[in-house]
Amino acid sequence: MIVAAALVSCTQASSGGGPGADVPAASTDPAADRARIAEDTEDTENADRAEREAAAEEPTAVPTPGPALVRDAFATLQATLDDTCTPGAGDCAYFLGRVTQELTELDESMRADDKGPGHFKQPLADMKVLFDKLGDDRSEAHLEKYFSEIVGTRDGINTWMQDHPDDYR
């Protein structure tokens, strides 16, 4: 077996398949060596240029969609109308968090709408009063403290929107 391994090793070395087989041999012609080096350099420069051109064609920032249409934001708020929770029972985190999020998205939609924020003056004012009370705290205990205000704002906006069907149909 040792003899066989030695034969394989000798065969690889003599056939160019042994260690270092992928390293180009130095030629005896210096002009050929310079031509090979110039070709390798040109290939690297072309690859670098292609990468730069591809990067320049790609957009630097992916555009983000704007707020939902008022009708879409209102529809998701309306989906909460039959939902409620019992403050103090531990079942309000999802419900109050969702209603608050839906109101936030409706506020953004109304401000971005083509009719302008002046058209939505009352609901925007109601949401501002609520958001000023809530501040940045969205913990369950804090939202439960303002349960009546959150649900009242949702219901008041629903009533206002029902009187303005052109805004949600």
Side-chain angles (χ1 to χ4, degrees), residues 21-24 34-169:
D22 60 342
V23 176
R34 284 192 300 276
R36 186 173 36 81
I37 290 170
E39 185 178 320
D40 289 346
T41 302
E42 184 178 332
D43 288 345
T44 301
E45 289 173 357
N46 286 340
D48 290 344
R49 184 173 43 254
E51 282 182 49
R52 286 190 304 272
E53 289 172 358
E57 291 174 10
E58 294 177 17
T60 55
V62 177
T64 57
L69 296 174
V70 170
R71 69 166 192 224
D72 297 339
F74 178 60
T76 59
L77 179 67
Q78 269 192 310
T80 70
L81 285 177
D82 293 328
D83 296 341
T84 191
C85 67
T86 306
D91 64 346
C92 284
Y94 172 76
F95 169 70
L96 293 175
R98 178 174 175 201
V99 172
T100 303
Q101 181 62 39
E102 300 297 348
L103 288 169
T104 301
E105 291 173 6
L106 183 59
D107 180 86
E108 292 169 356
S109 295
M110 288 178 169
R111 291 181 188 287
D113 191 82
D114 291 339
K115 293 178 183 177
H119 176 73
F120 301 101
K121 188 175 182 178
Q122 184 61 50
L124 288 172
D126 293 345
M127 287 186 278
K128 180 177 181 351
V129 169
L130 175 66
F131 297 149
D132 286 346
K133 288 180 183 178
L134 292 178
D136 293 331
D137 188 352
R138 296 296 187 260
S139 66
E140 181 177 10
H142 187 70
L143 293 177
E144 282 183 2
K145 179 178 173 183
Y146 293 101
F147 175 85
S148 296
E149 288 88 344
I150 293 169
V151 172
T153 301
R154 174 200 66 183
D155 294 347
I157 289 173
N158 181 60
T159 300
W160 187 92
M161 289 293 288
Q162 295 301 325
D163 289 338
H164 296 83
D166 57 309
D167 291 319
Y168 66 89
R169 288 192 180 153

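Numbers here simply count residues along the sequence, with the first being 1.
Taking CZ of Phe95 as the start and CZ of Phe147 as the end, the distance is 5.5 Å to the nearest 0.5 Å. With values rounded to the nearest 0.5 angstrom, Cys85 atom SG is found 4.0 Å from Leu96 atom CG. Lys128 NZ to Asp107 CG: the interatomic distance, rounded to the nearest 0.5 Å, is 10.0 Å. Taking CG of Leu103 as the reference point, atom CD of Gln101 lies at 9.5 Å (rounded to 0.5 Å). In this structure, the separation between OG1 on Thr100 and CZ on Phe131 is 7.5 Å, given to the nearest 0.5 Å. To the nearest 0.5 Å, atom CD of residue Glu149 and atom CG of residue Asp132 are 12.5 Å apart.
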Side chain to side chain contact (heavy atoms under 4.5 Å, CB included), that's the test. Do Met161 and Gln78 meet it? Break it down for me.
CA-CA 10 Å; Met161 289 293 288; Gln78 269 192 310; over 6 Å; no

In sequence, state the C-alpha distance, the side-chain angles, and the governing distance for Phe74 and Asn158, and then conclude on side chain to side chain contact (heavy atoms under 4.5 Å, CB included). CA-CA 8 Å; Phe74 178 60; Asn158 181 60; 3.4 Å; yes

request  = Apply side chain to side chain contact (heavy atoms under 4.5 Å, CB included) to Leu134 and Ile150, showing your working.
outcome  = CA-CA 9 Å; Leu134 292 178; Ile150 293 169; 4.2 Å; yes

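What you find for Glu108 and Pro67 is that their closest heavy atoms are O-CG, 3.8 Å. Between Arg154 and Asp83, the shortest heavy-atom contact is NH1-O, 3.5 Å. The heavy-atom pair separating Leu143 from Gly97 by the smallest distance is CD1-N, 3.8 Å. Among all heavy-atom pairs drawn from Ala73 and Ser109, the shortest one is CB-OG, 3.5 Å.
Taking the six-membered ring where tryptophan is involved, the planes of His142 and Tyr146 are perpendicular, since the angle between them exceeds 60° and thus also 30°.
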Under 3.5 Å donor-acceptor pairs involving side-chain atoms of residues 112-126, not counting sequence neighbours:
residue	atom	partner	partner atom	Å
Asp113	OD2	Lys115	N	2.8
Lys115	NZ	Asp166	OD2	3.0
Lys115	NZ	Asp167	OD1	2.5
His119	NE2	Asp167	OD1	3.1
His119	NE2	Asp167	OD2	2.8
Gln122	NE2	Asp126	OD1	2.7
Gln122	NE2	Asp126	OD2	3.3

